[in-house]
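Input: a single structure, listed below in structure tokens.
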2 protein chains.
Amino acid sequence: MVLDAALALADESGLDAVTMQAVASRLGVTPMAIYRHVGDKGALLDGVVERLLGEVRLPSEALPWPDRLRATARGVRRIGQRHPGVFPLVLQRLVATPAALRVRDTVQRGLVDAGVDPGRTAQAERLISTAVLGFVVSEVGGRFRNHSKRTVDGDFERLLELLSGLLESERAQPARWS
Amino acid sequence: MVLDAALALADESGLDAVTMQAVASRLGVTPMAIYRHVGDKGALLDGVVERLLGEVRLPSEALPWPDRLRATARGVRRIGQRHPGVFPLVLQRLVATPAALRVRDTVQRGLVDAGVDPGRTAQAERLISTAVLGFVVSEVGGRFRNHSKRTVDGDFERLLELLSGLLESERAQPARWS
DNA sequence: ACCTGAACACCGTTCAAGT
DNA sequence: ACCTGAACACCGTTCAAGT
């Protein structure tokens, strides 16, 4: 598949290495052949981002919500670390694709179970996702490259704690689990 | 100056329009002339990001810390909105440049005045900055483009409230102001 | 010191043509 | 339906040469 080739290239040599010609030659094909399968280079990158989000390992719905939300955040981070070349694009593209909705809905269900007022889960999800994505993009994009892995790991765990705190302040009804 | 031309191009026509040849022709000069002034296209973009951060309006140190921190965040957001083409690069480049340190130190002084344990201001600053930058990059990069301005403005104000909450939980000593 | 001309290998993309 | 050849205008960058 075209998207696999593009993602493999990005993982091996960075986003700049993802050119139509490089993707084509990895598939043993001429560059223009690709235009039959993706409309455009932009569409190619959109497809790769979608694949990335689809790769996020989501936790079992049977887990209590605090573990579930933490596991989701860690799953997103793991994908970022696995694909640092393309991950930053996640913050620049629309959130309405199926794979993006899949992650979003998992978070929103977690929030509902946590007892967040149903009228406020959408905003809470946006802020939580933005914080987590912003962190991971910073990390894999090199913004923290002066800091040790231990420091960055500690920052991420602290972020998760703070997001739990956010939920406490947001809860209107008793939680359904926990 | 070369950086001004590059920034103006990005503002008018997006990041893709910032090519060595376009910058050169805007200056009425041949493309290779630019290599005398910036080493590289990467260095050019670094320079533009630096200029951006230098443009952030920082609040007076005389303000009470809660207003000061809020004003700093709003100042960052305003620059993002003013320069949506280049702003996303802020999350991908190192934080150790002079203009970046200028913003960072303002936040850290705010945290100290808020009574955050001095051993923890660095982490708190990183998390706060990451959350704010992640939000603004999402906003100007179009991740929220399905939402109305009112919704996005509301999200940002809510984010600021939550960051204040973070400070409450982080305070070890009585605040110096407020 | 600064700018230029000519040239390099490489982009994304189109179009008409082939099977 | 899918792939190809040839071609387009445009990239970033180098090097030797000019003032």
Side-chain angles (χ1 to χ4, degrees), chain A residues 1-52 83-94 97 140-143 145, chain B residues 1-52 83-94 97 140-143 145:
Chain A
M1 191 40 152
V2 177
L3 299 180
D4 288 325
L7 182 52
L9 268 168
D11 290 345
E12 290 163 18
S13 327
L15 192 56
D16 290 348
V18 184
T19 72
M20 296 306 251
Q21 357 253 330
V23 172
S25 98
R26 175 177 268 263
L27 295 169
V29 107
T30 192
M32 319 84 206
I34 295 182
Y35 285 82
R36 262 330 103 167
H37 304 279
V38 301
D40 210 336
K41 190 177 177 187
L44 200 178
L45 293 178
D46 284 339
V48 173
V49 168
E50 182 69 358
R51 205 172 206 61
L52 230 66
H83 305 289
V86 250
F87 194 84
L89 294 180
V90 170
L91 221 50
Q92 318 239 46
R93 314 242 162 207
L94 200 53
T97 63
V140 306
R143 192 168 147 254
R145 97 181 64 106
Chain B
M1 194 37 154
V2 177
L3 298 180
D4 287 325
L7 182 52
L9 269 168
D11 290 345
E12 289 163 20
S13 328
L15 193 56
D16 289 349
V18 182
T19 71
M20 295 306 251
Q21 356 253 328
V23 173
S25 98
R26 175 176 268 262
L27 294 170
V29 109
T30 193
M32 319 86 206
I34 294 182
Y35 285 82
R36 262 329 106 165
H37 303 279
V38 301
D40 210 334
K41 189 176 178 188
L44 199 178
L45 294 177
D46 283 340
V48 173
V49 167
E50 182 70 358
R51 205 171 207 59
L52 231 65
H83 306 289
V86 252
F87 193 84
L89 295 180
V90 170
L91 222 49
Q92 320 238 44
R93 314 244 162 204
L94 199 55
T97 62
V140 306
R143 192 169 147 252
R145 92 180 72 103

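From a predicted model like this one, the values you see are computed outputs, not experimental measurements. Chain A is the first sequence line, chain B the second, and so forth, proteins listed ahead of strands; every chain is numbered from 1.
With distances taken from any side-chain atom of A:Val29 to the nucleotides D:dT13, C:dG12, D:dC3, the minimum falls on D:dC3. Checking C:dC2, D:dC3, D:dG12 against every side-chain atom of B:Arg36, the shortest atom distance belongs to C:dC2. When each of C:dT13, D:dC3, C:dT4 is scored by its nearest atom to the side-chain atoms of B:Ala33, the top-ranked nucleotide is C:dT4.
With rounding to whole Å, B:Lys41 atom NZ is found 15 Å from D:dC10 atom P. If you measure from atom CE of B:Met20 to atom C1' of C:dT4, you get 16 Å, rounded to the nearest angstrom. Look at OH on B:Tyr35: it is 16 Å from C1' on C:dG5, rounded to the nearest Å. In this entry the distance linking CG of B:Asp40 with P of D:dG12 reads 11 Å, nearest Å. When rounded to the nearest whole Å, the span between CG of B:Asp16 and C1' of C:dC11 equals 12 Å. When rounded to the nearest whole Å, the span between CG of B:Leu9 and P of D:dC11 equals 11 Å.
Considering CD1 of B:Ile34 and CG of B:Asp40, their distance stands at 12.0 Å, rounded to 0.5 Å. Within the model, atoms CG of A:Leu15 and CG of A:Leu89 stand 5.5 Å from one another, a figure rounded to the nearest 0.5 Å. Note that CG of B:Leu44 and CG of B:Leu7 are 10.5 Å apart. Values are rounded to the nearest 0.5 Å.
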Inset, instruction - Walk me through it: do A:His37 and A:Leu3 pass the test side-chain contact (heavy atoms from CB on, under 4.5 Å)? - result: CA-CA 10 Å; A:His37 304 279; A:Leu3 299 180; over 6 Å; no

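Note on B:Met32: a base of the nucleic acid sits closer than 4.0 angstrom, heavy atoms only.
Residues A:Arg143 and B:Val90 have side chains not in contact (no heavy-atom distance under 4.5 Å, counting atoms from C-beta outward).
Within the 4.0 Å cut-off from OP1 or OP2 of D:dA1, not a single side-chain nitrogen or oxygen of A:His37 is found. A close approach under 4.0 Å does occur between a side-chain nitrogen or oxygen of B:Thr19 and OP1 or OP2 of D:dC11. In this structure, A:Gln21 does not reach the C:dC10 phosphate: none of its side-chain N or O atoms is under 4.0 Å from OP1 or OP2.
Under the Watson-Crick or G-U wobble criterion, with both distances below 3.5 Å, D:dG18 is paired with C:dC2. The partner of C:dA9 cannot be assigned: no Watson-Crick or G-U wobble pair with both contacts below 3.5 Å exists in any strand.
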